[in-house]
Amino acid sequence: MPKPAERLNKLPTYFFAVIGQRIQELQRQGIDIISLDIGSPDMPPPQAVIDALAEWANKPNAHGYTGYRGTPGFRQAVAHYYERRFGVSLDPDKEILPLIGSKEGIVNLSLAYLDRGDLALVPDISYPSYSMGARLAGGEIHWLPTNENNSFMPSLHNIPDAVANTAKLLWVNYPNNPTGATATLEDYVRMVDFCRQHGILLASDNPYVDVNFDGFRANSVLEAPHAKECTIEFMSLSKTYNMGGWRLGAAVGNAEAIKTLLQVKSNVDSGHFRPVYEAGVVAMETTPQQWIDDRNLIYQRRRDRILSVLPQIGLTAAQSKGSLYLWAKVHEGTGAEYVEAALNHAHVAFAPGSAYGPGGDSYVRISLGITDARLEVALERLVNWHNAKQR
Ligand SMILES: Cc1ncc(COP(=O)(O)O)c(C=O)c1O
């Protein structure tokens, strides 16, 4: 066999593939593992969405290629969603591009903008696809430290001018995976001003915008004045409507960035299955806000339940206002050590903070995407493990 491309050497093995293998090994031994590591919604989408998929799949004319830009109806539904939710107007033909899940668009954006050696600004502690996309494209990463002191938000004023003036992309994500940090509209205004000043494309990855707690309502960066001049936002149906496996999202914002992303995409994929787009339209056009609020209350209750137990299991976390996660600091050793011990002794899987950047070394990420019953079993096992350790 020929040697794989050099660029693959720059990619660490995807963390979830590694832990997934270890989990499978334990499961083969008959051990019941409870996964608090993967951020996948555990509840189904609204019934009307599933019905629409079935109805469209039964139509004989719904099985051909749909085109590189998805269906006009899907783009229109994204435009309605932005108008309704954020008061942001988007041109469905020029400012919206359907994606096969936002992850696809995130990686393709790096291919669209980064040549060898080009610079992307990536928060240290962030969703791995921003840095992996840059590496696949041959680009370079300038890490922006985030931590408790800056509320897990990059301090843009600390970026040297020489870096800011050459960087092509700035990645941000609020509500944040993995930290649960959130941004205000003022934060977005500052990011937009910074990117306009330095000629940077602001890439806001926003899949958790509708997973909010305690009455908080997250913003879209496109609400900031002049955002469209320099911004692309990735929206996703995965978390808003519990549709992770459906692979449906969209890139929205600056028309030139959308066109450039399409140039890559149209050479890579041929769009989605029509029934999936049509079900997505039903999700966006008919799901009542109450459905989203009720679902969020379930996540919020789990968040509070986990927070109440953390002191008993050697962890501390802030009360996140959004996203599907708690970002918990370990009291002893590293996050990776804690994850390994919890998997081996309590048979509960967490994600180690180091999977999100070197700044995450002493953290573990806990997902709220787990049924209440399984969560209770997991917490009981963790408390028993921790008590046994103290004896
Ligand atoms: C921050 C962040 N961005 C993007 C994605 C990918 O979402 P999608 O399902 O739309 O590809 C995820 C998935 O967990 C995520 O956490």
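For this chain, numbers begin at 1 and follow the sequence in order. Counting starts at 1 for both ligands and their atoms, following the listed order. Heavy atoms only: backbone and side chains are in, while hydrogens, waters and symmetry mates are out.
- Tyr325 and Tyr208 have their aromatic ring centers within a separation under 6.0 angstrom.
- Of all atoms in ligand 1, listed by their number and element, those nearer than 4.0 Å to a heavy atom of Ser236 are 8 (P), 10 (O).
- Between Asp193 and Gln197, the side chains place no donor N or O within less than 3.5 Å of an acceptor N or O (distance only, hydrogens not considered).
- Set against the non-hydrogen atoms of Gly101, the atoms of ligand 1 under 4.0 Å away are 10 (O), 11 (O).
- Ligand 1 lies within reach of Tyr130, whose nearest heavy atom is under 4.0 Å from it.
- Closest protein heavy atom to atom 11 (O) of ligand 1: Arg247 NH2, 2.6 Å.
- For ligand 1, the polar-atom distance check against Tyr127 finds no nitrogen or oxygen pair separated by under 3.5 Å.
- Classification of Arg305 and Glu376 as a salt-bridged pair holds, one side-chain N sitting under 4.0 Å from a carboxylate O.
- Residue-to-ligand polar distances place Lys103 within reach of ligand 1: an N/O pair is separated by less than 3.5 Å.
- Here's the thing with Asp205: one of its N/O atoms is less than 3.5 angstrom from an N/O atom of ligand 1.
- Between Asp214 and Lys321, none of the side-chain N atoms (NZ, or NE/NH1/NH2) sits under 4.0 Å from a carboxylate O, so this pair counts as no salt bridge.
- Closest to atom 14 (O) of ligand 1, if we only count protein heavy atoms, is Lys239 NZ, 2.8 Å.
- Here the heavy atom of the protein found nearest to atom 9 (O) of ligand 1 is Ser238 OG, 2.6 Å.
- The environment of NZ in Lys389 is crowded: more than 12 heavy-atom neighbours from other residues, nucleotides or ligands sit within 6.0 Å.
- With salt bridges taken as basic N to acidic carboxylate O contacts below 4.0 Å, one links Arg301 and Asp372.
- Ligand 1 has no N or O atom lying under 3.5 Å from any N or O atom of Asn173, backbone or side chain.
- Of the listed residues (Tyr356, Phe234, Trp171), just one forms a ring pair (Phe, Tyr, Trp, His ring centres under 6.0 Å) with Tyr130, and that residue is Trp171.
- Note on ligand 1: Gly249 sits outside its first shell, no heavy atom being nearer than 4.0 Å.
- The cationic group of Lys329 does not satisfy the cation-pi geometry with Trp327, failing either the under 6.0 Å distance to the six-membered ring centre or the 45° limit from the ring axis.
- Considering only non-hydrogen protein atoms, atom 7 (O) of ligand 1 sits nearest to Ser102 OG, 3.2 Å.
- The closest side-chain donor-acceptor pair between Arg274 and Asn61, if any, does not fall under 3.5 angstrom.
- A heavy-atom separation below 4.0 Å is not found between Phe234 and ligand 1.
- When each atom of ligand 1 is checked for a heavy atom of Asn177 under 4.0 Å away, the hits are 1 (C), 15 (C), 16 (O).
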